[in-house]
Amino acid sequence: MFRTNNKSVTFVLICLVLLYISWGSSFLFTKLGLQYIPGVTLSGVRAILSGFILLTLGIFFQGYHKITWDTIKYSAILGLLQVVVSSGFLSKGQETIPSGLAALLCGTIPLTMVLCEWLFWDGGRPKLKHFLGLALGIGSIGYINFGTLFSSNISPIGLSLVILATLAWVYGGHYSKSCCIDNSHYIFQSTGLILLLGGIECIIFGYGVGERWDISLFDYNAFVILAFLVLMSSIVGYTTYLWLLYNVRPAVALSYEYVNPVIALILGWAFAGEELNAQYIIACIVLISSVFLVSSYGKK
């Protein structure tokens, strides 16, 4: 099952559990954090703190890798795509839609990747099972959105922001692979730089669209929420995910795509009072099945 290169299977399982918990729960903690910090600003503060910590850890453990102007440009563009638009718009969208619905929409990222690779990036024609997976995934999202769009509790703007966030994540992944800059041996430093620059861009963008952070509202609960987002969702989430990418089969590392919507739906229902109805459950099951079907696309 695992291509571990003599790594302990137990350690791989621990990394998977940490990844599931950190990224699956990030939707709930983002929702809770919005009580204290506006959406885009929240993503900016989280990214700056996470980026500084990762940058420092990378230099300390992996050594300093010279930062050129090309590296800064590359990191700033990725920061715009993956921090400002992807993370920032996702947080902003969660101001007006449930965290579980946001997680379901983010669960379509593998489907969007397959479509974009095939239609725009010369990824090859999908097989029949991939087309079936795409049809199931698109159908499940259409099914869930058809009902929620007519709900007074759901904002079409919030839905649109989350959809834009998923598209930005997909394009950001393609852009990062197509760049000629190779930072694979300095992954923590390069990731930290992307988060740091993206966080600064987020703060500037948030201020530009009128967000204001009332620091007087920031209490002990807000500190715990922000600390969780920084340490678990960003630091632990990114490091375990990157370690898994380098040490196990990609399908194992990407298995969080099956688990995140389930965790987010359950946590949102249990701790944020969000609705967990049959429509959400059916859509979640169908979406997970569709992601499973398309997960082998592009593999040799």
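Keep in mind that this is a model prediction, so the values were computed, not measured. Numbers here simply count residues along the sequence, with the first being 1.
Atom CZ of Phe27 and atom CG of Leu32 lie 13.5 Å apart (nearest 0.5 Å). Taking CG of Leu54 as the start and CD1 of Ile235 as the end, the distance is 3.5 Å to the nearest 0.5 Å. Put simply, CG on Leu55 and CD1 on Ile48 are 13.0 Å apart, with the number rounded to the nearest 0.5 Å. The CD1 atom of Ile266 sits 10.5 Å away from the CZ atom of Phe271 when rounded to the nearest 0.5 Å. Here Leu226 contributes atom CG and Phe218 contributes atom CZ; the two are 5.0 Å apart, rounded to the nearest 0.5 Å. For the atom pair CH2 of Trp169 and OG1 of Thr166, the computed distance is 11.5 Å after rounding to the nearest 0.5 Å.
With Arg46 as the fixed residue, the side chain to side chain contact (heavy atoms under 4.5 Å, CB included) test singles out one of Val83, Ile37, Thr30, Leu195: Thr30. Test Leu42, Thr96, Thr41 against Leu34 for side chain to side chain contact (heavy atoms under 4.5 Å, CB included) and you get one pass: Leu42.
For Phe52 against Leu196, the heavy-atom pair with the smallest separation is N-CD1, 4.4 Å. Across all their heavy atoms, Leu78 and Gly172 have their closest contact at CD2-O, 3.3 Å. Minimum interatomic distance between Thr240 and Val236 (heavy atoms only, all atoms of both residues): OG1-O, 2.6 Å. Looking at every heavy atom in both residues, Gly237 comes nearest to Trp23 through CA-NE1, 3.5 Å. The minimum heavy-atom distance between Leu193 and Ser75, with the atom names listed, is CD2-OG, 3.4 Å. In terms of heavy-atom proximity, Ser26 sits nearest to Ser233 at CB-OG, 3.3 Å.
Heavy atoms from other residues, nucleotides or ligands lying under 6.0 Å from OH of Tyr36 number more than 12. Within 6.0 Å of the CD1 atom in Ile157, the count of heavy atoms belonging to other residues, nucleotides or ligands does not exceed 12.
Contact check for Leu18 versus Ile21: no side-chain heavy atoms found under the 4.5 Å cut-off.
Panel note: side chain Gln189, backbone Gly58; no donor-acceptor pair is recorded below 3.5 Å. Between the side chain of Ser86 and the backbone N or O of Ala165, at least one donor-acceptor pair lies under 3.5 Å.
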* To do: Please test Asn221 against Val224 for side chain to side chain contact (heavy atoms under 4.5 Å, CB included), starting from the C-alpha separation and ending with a verdict.
  => CA-CA 5 Å; Asn221 291 332; Val224 171; 5.6 Å; no
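Leu16 is connected to Ile14 through a chain of hydrophobic side-chain contacts under 4.5 Å among Ile, Leu, Val, Met, Phe, Trp and Tyr, so both are in one cluster. Linking Ile, Leu, Val, Met, Phe, Trp and Tyr whenever their side-chain heavy atoms come within less than 4.5 Å leaves Val45 and Tyr207 in two separate clusters.
Looking at residues two or more places apart in sequence or on another chain, you find a ring pair (Phe, Tyr, Trp, His ring centres under 6.0 Å) between Phe29 and Phe228.
Applying the salt bridge (Lys or Arg N to Asp or Glu O under 4.0 Å) definition to pairs two or more places apart or across chains, those involving residues 73-92 are Lys92-Glu95, Lys92-Glu211.
Side-chain polar atoms of Ser234 and Ser50 form a donor-acceptor pair below 3.5 angstrom.
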